[in-house]
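FYI, the numbering just counts along the sequence from 1. Whatever order the structure lists them in is the order used to number ligands and atoms, beginning at 1.
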Amino acid sequence: MRIVVLVSGAGSNLQAVIDSVSSGALQVEIAAVGADRPGTGGVQRSADAGIDTFVVNFADYPNRADWNTALTQAVAFYQPDYVVSSGFMRIVGEEFLDSFPNRYLNTHPALLPSFPGAHGVRDALAYGVKVTGCTVMIADAGVDTGPILAQQAVEVLDDDTEDSLHERIKVLERRLLIETLASLAERADHATR
Ligand code: GAR
């Protein structure tokens with residue numbers, strides 16, 4: 001199973017996927033890692049690991065539709081079985097979703113449908129929930145919407161900050177993403193036998 005991973009930031013979840021692939025625990029091929037802006041930690045980590053990288057810089061395009069077309073082409077070049085948003089903080093358009101139907105995975109640091117958006121951890125803390133968590137889903141045209149594949153709960157501690165809570169969530173989020181990819185890869189393997 002070939003995947004392309006999209007990142008906007010540090011790429012610590014991506015690093016966990018890279019490590020699992022390197023150790024042989026996760027049997028997928030990371031065909032490439034792409035970002036929506038230059039200078040991301042995620043692209044740096046991938047380059048360090050010898051993985052192909054590309055940047056489709058949102059700021060370089062006159063409008064969202066043109067950026068979306070360029071992103072779709074850049075990802076399609078690698079002919080992935082799945083595309084994984086790993087902290088990719090942009091909504092993709094119809095052209096992208098139609099090119100990878102039901103094959104665009106996303107992770108989110110909250111128990112969706114609660115607290116979607118760019119600040120899922122901060123919003124959960126501000127609301128005062130006692131339990132939050134992480135979600136892996138098939139992404140659609142909405143903000144952190146789409147069919148949920150897996151979720152895991154995380155207890156909120158009284159002295160949690162956004163960072164401390166996010167770090168604990170990410171530990172489970174990484175595991176959940178890797179387990180989800182492993183089960184999709186296993187299914188793909190069975191289908192080709
Ligand atoms: C992850 O927690 C991911 O769920 C979140 O960004 C973080 C990326 O961390 N994504 C969203 O909030 C999407 N709405 P990383 O760059 O260190 O892997």
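Scanning the protein heavy atoms around atom 12 (O) of ligand 1, the nearest turns out to be P109 CD, 3.3 Å. The protein heavy-atom contact nearest to atom 16 (O) of ligand 1 is G11 N, 2.7 Å. Ranking protein heavy atoms by distance to atom 18 (O) of ligand 1, first place goes to N13 N, 2.9 Å. If you check which protein heavy atom lies closest to atom 3 (C) of ligand 1, you get E173 OE2, 3.1 Å.
Here side chain to side chain donor-acceptor pair (under 3.5 Å) pairs that include residues 25-40, with residues two or more places apart or in two chains, are R2-E29, S8-D36, D36-R90.
The M89 neighbourhood of ligand 1 comprises atoms 10 (N), 11 (C), 12 (O), 13 (C), with distances under 4.0 Å to a heavy atom of that residue. Interface atoms of ligand 1 facing G87, defined by a heavy-atom separation under 4.0 Å, are 6 (O), 8 (C), 10 (N).
Every heavy atom of G120 sits 4.0 Å or more from the atoms of ligand 1. At least one heavy atom of H166 sits closer than 4.0 Å to an atom of ligand 1.
Below 30°, between 30° and 60°, or above 60°: for F58 and W67 the angle between ring planes is above 60°, a perpendicular geometry.
Formation of a donor-acceptor pair under 3.5 Å by the D144 side chain with backbone atoms of G117 is found in this model. Side chain of R45 to backbone of G11: a donor-acceptor contact under 3.5 angstrom is found.
Residues L14 and G42 share a closest heavy-atom pair of CD2-O, 3.5 Å.
Contact annotation: for I169 versus ligand 1, there are no heavy atoms closer than 4.0 Å.
Between V33 and D52, the closest side-chain pair of non-hydrogen atoms is not below 4.5 Å.
Open room surrounds CD on E94; 12 or fewer heavy atoms of other groups in view lie less than 6.0 Å from it.
Distances between N or O atoms of G9 and those of ligand 1 include no value under 3.5 Å. Backbone and side-chain nitrogen or oxygen atoms of N106 are examined, and none is located within less than 3.5 angstrom of a nitrogen or oxygen of ligand 1.
Taking each of G117, S12, S86 in turn, the one with a heavy atom nearest to atom 17 (O) of ligand 1 proves to be S12. Scanning I91, T107, V136 for the heavy atom closest to atom 10 (N) of ligand 1 points to T107.
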Step-by-step side-chain hydrogen bond (donor to acceptor under 3.5 Å, both in side chains) determination, D140 to T145: CA-CA 6 Å; D140 63 12; T145 50; 2.4 Å; yes
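Under a 4.5 Å side-chain heavy-atom criterion applied to ILVMFWY residues, the cluster that includes L112 comprises M137, I148 as well.
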